[in-house]
Amino acid sequence: MIQDIIKAQLANALQQLYKADAGSQGIVIEETSPDYEGDFTFVVFPYLKVSRKNPEQTASEIGNYLKVTFTELESFNVIKGFLNLSVRTDYWLNFLFENYQKENFGKAEPNSKQAVLVEYSSPNTNKPLHLGHIRNNLLGFAVAQILEANGNIVKTCNLVNDRGIHICKSMVAWMQLGNGETPESSGLKGDHLAGKYYVEFDKQYKKEIESLRLSGMSIEDAEKKAPSIIAAQDLLVKWEAHDPETIRVWKTMNDWVYAGFDETYKKLGVRFDKFYYESNTYLLGKEIVQEGLINGVFFKKDDGSVWIDLTEDGLDQKLVLRADGTSVYITQDLGTAELKYKDFGCERSIYVVGNEQDYHFKVLKLIASKLGKKYAPGIYHLSYGMVELPHGKMKSREGTVVDADDLIAEMEHTAAETTKALGKMEGESEADLAILYHTIGMGALKYFLLKVDPKKKMMFNPEESIDFQGNTGPFIQYTHARIRSVLRNAAGFNKNSFDPKAVVLSKVEKELLVKMYQYPLVIAEAAKDLSPGVLCNYVFELAKIYSLFYHDHPIIKEPNPDQKTMRLFSCELTARIIKSAFGLLGIQVPEKM
RNA sequence: GGUCUCUUAGCUCAGCUGGAUAGAGCAACGGUUUUCUAAACCGUAGGUCGAAGGUUCGAGUCCUUCAGGGACUACCA
């Protein structure tokens, strides 16, 4: 990379001129701001102490030194303490020529880096997926893809929360009110059917609490004594005792939900290497408790419950095993971590889970490391922010959710309307159009969710539809479609005649080349930060520069064959990068739209 | 109460380990199509980066305090 060469050159210059031992690692250069002439900028302020000259003199001195030693340097200019360096045009043209037809440009050597396990999605099986889950799924998928492109070996898994009191609530309501309703008989998708009874349960439960309260009971008591909740708790006990009828209903309902999830996952385009089910893992972790007791990490209270004291680490005491010997959430997760390590052998393990569980994962990692687990340092909670509506957080029970399937359907619908209104796709088959609408609708939705920093909470207003113009998925997809159209029209053009010396680069043309040159670095940065947003920003900037280039320069009609070739190569590489980057984000790009 | 976190244009968001005059998109207003796809391009307007101190050559970025949001602080998962 040219950046490394520049840094080495600068380090050498500082050494020779001022005897400053910076080492190329310590040198920082940045992209020159567009308002100034140059490609890269070196800020000399930190080195005034060693140069003992004013900023301008120092920068000029370094610039003049580089002019002699650095052959790729075209020119330089100095403004205050900023040394702006321009790289020779040849360098960028050679880059283009060498890479324009590389299928995997930007991606690191596959399987060249550490193995990583990414756990994401992890749904509850009592209700359908909503917008928050979509964010989780897209993030998990994109992060896995990005890590893979970065050279990591990546495995993905999904820990399905298929048991517990919330599942029993749906079951109770269905058993009492369902009259044997099934997805077939109701025409409802399985997960939506289960969700319907989850809501039914809550309605009935609330009514019961209300009437108990009217009869003089306190709220706390009413919440515990309401017949519905008692029924649900009974059911949980029966489930744990493997009562055949309970297990049968549980299995039936869960299977409906899985069929529903499967459909939604397909529409979202996410996949998993392995599914874990909590019904199989919820008893895990007890051996670890024993282990911790033996080596003194845990302690037992008089009632028999087992705890860990994390007060030294600024946290509280935390229960790891109940007095009756049953495990709690953290116990299970410790056990599951062990299981995952056994299954995949990944020392690095990423959990894509909402930021409401920051505390839990802090504790998990801390306990694992106190237990001396090899995988403890590699536990990483990719803590993403909630998706909020104008009224606040989404709550399934209260029906204030943006349903995943509804939203996907709406996005496809809007894509169809917009496409029809533009009228460019007339004559295409219905089947092709359906695929296109899905591609564009999902492109808009995915880009919308992925472009914001995962760590930050984000706002979604259902009243305002997601844009298809500007900084959006469809704009970038459109840029790709446009390039493909140019390349189709240019088919048959003889690309052999390419003499770099006969080419002149305009400002935009050069900007485009420099932008494309950055792609490998952007993948590495996105992987380092586990942030698909970095990639979104990059590909948007690329598409913008391309659009300007396209607007200002003829491509097919360019008379100079070398210039024309250079432009076609630029088109080709831009299209490849857009397709590649969007691929990592899980977004398809159309040939026409 | 304690811990964590957020606050940048009317709205939604960028801003890399401190660097030049704080950037996009949407919304508003005006312009560009006999020419390779106008889901595009160009322009105008819009900001005391929540507030106040501090650190230094330099702070949206680091530190402190305060204000206002949010999350967590379950023998629920």
Side-chain angles (χ1 to χ4, degrees), chain A residues 28 30-36 41 43-46 48-49 55 79-82 84 122 124 161 163-167 278 282 303 305-307 314-316 319-324 326-330 332-333 354-360 362 383 385-386 388 392-393 415 418-419 421-422 424-425 440 444 448 451-453 455-461 464 466-479 481-490 521-522 525 528-529 533-534 536-537 540-541 543-544 546-548 550-558 567-568 571 592-593:
Chain A
V28 181
E30 44 204 276
E31 283 174 63
T32 302
S33 145
D35 301 338
Y36 300 90
T41 296
V43 183
V44 302
F45 289 111
L48 299 183
K49 273 168 268 154
I79 295 165
K80 291 188 278 181
F82 300 88
N84 298 320
S122 309
N124 291 337
N161 188 338
R163 64 163 284 282
I165 191 74
H166 49 290
I167 313 286
E278 210 186 280
Y282 83 108
D303 64 359
S305 58
V306 181
W307 297 72
L315 305 173
D316 298 324
L319 178 93
V320 294
L321 200 67
R322 293 189 186 104
D324 63 7
T326 57
S327 40
V328 289
Y329 183 30
I330 195 82
Q332 297 173 35
D333 256 14
N355 63 10
E356 49 199 356
Q357 294 198 36
D358 285 354
Y359 184 76
H360 173 78
K362 213 187 258 183
S383 162
M386 298 288 107
E388 286 179 8
K393 227 184 126 178
T418 310
T419 305
L422 289 169
K424 294 181 198 170
M425 288 291 118
I440 297 174
F448 175 81
K451 79 173 174 192
V452 329
D453 185 330
K455 292 188 289 293
K456 293 191 180 171
K457 66 176 182 206
M458 64 182 296
M459 176 63 76
F460 176 79
N461 187 348
E464 298 166 12
I466 293 174
D467 282 320
F468 282 62
Q469 280 162 11
N471 187 358
T472 66
F475 163 57
I476 293 158
Q477 291 173 319
Y478 172 71
T479 307
R482 230 179 179 189
I483 299 174
R484 297 301 304 159
S485 171
V486 171
L487 294 175
R488 278 193 300 274
N489 291 331
L521 290 177
V522 174
E525 193 192 336
K528 182 172 81 59
D529 296 350
V534 169
C536 288
N537 286 335
F540 172 63
E541 283 162 17
K544 256 200 88 83
Y546 180 85
S547 292
L548 184 53
Y550 178 88
H551 184 265
D552 288 352
H553 300 289
I555 299 163
I556 294 169
K557 294 190 182 110
E558 166 61 40
R567 289 188 185 152
L568 282 169
C571 287
K592 295 183 200 169
M593 69 184 271

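Reminder, nothing fancy here: chain letters follow the sequence lines and each chain counts from 1. Note that the structure is predicted; figures quoted are calculated from it, not measured.
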> At under 4.0 Å between heavy atoms, what does A/Val486 touch on the DNA or RNA strands: base, sugar-phosphate, or nothing?
Replying inline: sugar-phosphate

>> Under 4.0 Å, heavy atoms only, any strand: does A/Glu278 hit a base, just the sugar-phosphate, or nothing?
In response: sugar-phosphate

> Roughly how many Å is it from CG in A/Leu48 to P in B/G19, rounded to a whole number?
Replying inline: 17 Å

> Does A/Asn537 put a side-chain nitrogen or oxygen below 4.0 Å from OP1 or OP2 of B/G25?
Replying inline: no

>> Taking 4.0 Å as the cut-off, does a side-chain nitrogen or oxygen of A/Lys451 come that near to OP1 or OP2 on B/A24?
In response: no

>> Is it the case that B/A40 (base atoms only) and A/Thr479 (side chain only) share a donor and an acceptor within less than 3.5 Å, ignoring hydrogens and angles?
In response: no

>> Using a 4.0 Å heavy-atom cut-off, does A/Asp453 contact any base of the nucleic acid, only the sugar-phosphate backbone, or nothing at all?
In response: sugar-phosphate

Set out, line by line, the N/O atom pairs under 3.5 Å between protein and nucleotides 71-73 of chain B.
unit_1, atom_1, unit_2, atom_2, d
B/U73, O2', A/Asp316, OD2, 3.4

Taking N or O atoms only and anything under 3.5 Å, show me the protein contacts with nucleotides 54-57 of chain B, one pair per line.
none

> With both distances under 3.5 Å as the test, what is the Watson-Crick or G-U wobble partner of B/G19?
Replying inline: B/C57

> With distance as the sole criterion, do the side chain of A/Asn124 and the base of B/C76 form a donor-acceptor contact below 3.5 Å?
Replying inline: no

> Any salt bridge between A/Lys455 and A/Asp453, counting N to O under 4.0 Å?
Replying inline: yes

> In terms of ring plane angle, is the pair A/His360 and A/Tyr329 parallel, tilted or perpendicular, where the classes change at 30° and 60°?
Replying inline: parallel

>> At 4.0 Å (heavy atoms only), tell me whether A/Thr419 reaches a base, stays on the sugar-phosphate, or touches nothing.
In response: base

>> Suppose we call a contact any N or O donor and acceptor under 3.5 Å apart; does that hold for the side chain of A/Asn84 and the base of B/A20?
In response: yes

> Within this structure, what is the NZ-to-P distance between A/Lys544 and B/C13, rounded to whole angstrom?
Replying inline: 20 Å

>> Regarding A/Thr472 and A/Asp467, do their side chains bring together a donor and an acceptor under 3.5 Å, going by distance alone?
In response: no

>> Base, sugar-phosphate or nothing for A/Tyr36? Non-hydrogen atoms, less than 4.0 Å.
In response: base

